[in-house]
Amino acid sequence: MPNASDYLAGLGASLEGLPAAQVAVIVELPFGLVHPEGAVNRALLAEGAPERLAPAVSDFLEVVGARVVPQVRAFVEAVRERGGTVVIPTLGGPQIDTALLAPTVRSLARLLSTDAGMHAASVVAVEPDDVRITRTAVSAFTGTPLDMMLRSRSIDMVITAGVYTDGAVSSTARDAADFNYQSVVVADGCAGLDPVRHQASMRNHERLFGPVASVAQLLTTITADASRG
Amino acid sequence: MSDDPPVPNWYEHDGLRPIPPWNPDDQLDAVTTALVVIDVQYGNASPDHGIGKRMRDEGRSEVGHERFTRVATRVVPNVNRLAEAFRQRESLVVYLTINSLRHDFRDIPRNRRRLAGWRHGGTGMTDLSAPPKEHQILDDLGPRGDDVVLNKTTIGAFTSSNLPSVLRSAGIQTMVVSGVSTNSCIESTVRGAADMGFRVVIAEDACGAAMQAFHEEAIATMNGQFAAVAPTTEILAALSPIEQLHDSRAERGLHA
């Protein structure tokens with residue numbers, strides 16, 4: 001019987017080493033989706049929500065708290081130190097008019113906006129040199145100046161990390177590949193509510209769009225900007 | 001502010017699923033709905049050309065069995081049923097293709113170059129007047145008459161073709177999506193369409209992928225998050241009846 005590896009053979013792209021100045025990391029870690037007290041997780045576990053969601057949410061929060069958030073935080077710090085670009089897209093906020101957003105994110109934006117903007121914030125603290133994007137759709141590229149901002153910095157590799165793997169991460173990483181960036185997804189820096197869809201998105205990425213690499217692999221691939229220090 | 005349903009409903013359809021699930025009572029307005037048929041070309045949808053030929057030459061035809069069986073038994077007949085109904089209503093039918101326009105694949109993104117070589121026998125489509133067999137849409141499938149054919153150079157149609165302009169110009173609000181591959185070009189195109197505000201209905205039994213598992217996982221990912229998913233028979237039943245179309249077009253100032 002054929003299996004998925006027959007299709008992977010020969011197609012997976014290899015990771016090409018690059019100076020950090022040509023690397024951008026897109027961090028998809030909004031408080032409302034990844035914190036146990038975040039608006040989405042509270043809604044998923046609220047009275048009246050389908051009970052079958054509880055185990056999935058619990059597993060998701062475990063993976064995110066123990067692995068995804070610490071790994072991505074450490075990676076983002078290292079990329080900043082080496083002179084790379086960090087992109088933090090946000091969705092929602094107290095002033096947001098959801099009618100101006102794509103229908104794919106309207107209800108989520110409303111939910112993320114319910115707690116005085118707190119839940120729209122990233123759990124990775126924004127630094128002054130970071131690129132901040134106000135998201136309008138699931139893909140961070142759609143309806144934002146992200147592509148132009150990356151091109152103006154001569155970025156060649158776009159690394160996407162965060163949640164949900166089959167939502168924002170996949171849409172953004174697919175677009176990055178279509179725009180001819182070396183599109184990388186962080187193996188130990190992503191999570192989804194549904195493990196099957198998470199795995200399917202990771203496999204699709206590796207097979208069709210670009211490398212899936214761990215934080216450790218990426219740190220050996222991205223070299224410090226020679227002009228710094 | 002918008003008049004969307006209130007927040008507490010958003011998680012009802014299995015988590016973050018903002019798009020209402022398909023309801024067999026749903027209606028599809030034939031004037032504002034387009035059929036989009038994605039990448040059913042000899043290079044990736046025939047056991048005798050492109051990827052299929054390569055697999056056969058390497059002695060591993062069984063790897064392509066699920067894909068080519070699905071194309072022959074589901075995709076081709078169901079796309080034809082849909083396309084015939086859309087043409088009868090003078091609705092928009094768009095066929096997408098994927099190909100490089102250069103021998104060296106320089107015009108397509110780097111992640112696609114190796115696969116493009118497999119699909120097209122090591123060359124792109126440099127002569128538009130006589131495209132290689134691998135580029136052509138399966139003869140059984142179309143295009144016919146006024147159908148629109150657009151080439152794209154990326155996996156998603158919204159990043160490299162003028163599909164958005166064609167759909168807008170034609171007043172399209174809803175896309176019925178079919179073709180191959182569900183987890184690849186279909187999923188990227190559906191994600192792009194939904195983010196651009198189009199309503200998307202996936203004709204599940206008119207789509208296929210390299211493996212049935214890839215297809216099913218992609219359908220589960222898109223359903224409710226980016227699109228509604230429906231069987232061809234129910235989409236056909238939901239299309240405006242032909243006898244109503246003359247008045248409908250006249251009311252909208254369109255050529256009847």
Open item on the list: As an exercise, state the distance from CZ of R112(B) to CZ of F209(A), rounded to the nearest 0.5 Å.
Closed with: 9.5 Å
Task: Residues in residues 159-172 of chain A that sit under 4.5 Å from chain B, counting heavy atoms only - done: Y164(A), D166(A), G167(A), S170(A), S171(A)
- [ ] Supply the atom-to-atom distance E217(B) CD to D194(A) CG, rounded to the nearest 0.5 angstrom.
- [x] 9.5 Å
Task: Option in T221(B), T153(B), N183(B), D195(B) with maximal non-hydrogen atom pairs under 4.5 Å from chain A - done: D195(B)
TODO: Sort Q199(A) into side chain, backbone, both or neither according to what part of it lies under 4.5 angstrom from a heavy atom of chain B.
DONE: neither
Task: Gap separating the CD1 atom of I19(B) from the OG1 atom of T104(A), nearest 0.5 angstrom - done: 6.5 Å
Task: Flag if over 12 foreign heavy atoms under 6.0 Å of CZ, R132(A) - done: no
- [ ] Would you check if the side chain of N204(A) reaches a backbone N or O of S184(B) as a donor-acceptor pair within less than 3.5 Å?
- [x] no
Task: Per-residue contact mode, S160(B) against chain A (heavy atom under 4.5 angstrom) - done: neither
Task: Which atom of S107(A) lies closest to which atom of P18(B), heavy atoms considered - done: OG-CB, 3.7 Å
Open item on the list: How about CD on E62(A), more than 12 heavy atoms from neighbouring residues, nucleotides or ligands closer than 6.0 Å, or not?
Closed with: no
Task: Where R207(A) and A210(B) come nearest, the two heavy atoms and their spacing - done: NH2-CB, 3.9 Å
- [ ] Measure the CZ-OG1 distance between R191(B) and T142(A) for me, rounded to the nearest 0.5 Å.
- [x] 11.0 Å
TODO: Decide yes or no for V138(A) and F226(B): does some side-chain heavy atom of the first lie under 4.5 Å from some side-chain heavy atom of the second?
DONE: yes
Task: residues 174-181 of chain A: residues contacting chain B (heavy atom under 4.5 Å, by number) - done: R174(A), D175(A), A177(A), D178(A), F179(A), N180(A), Y181(A)
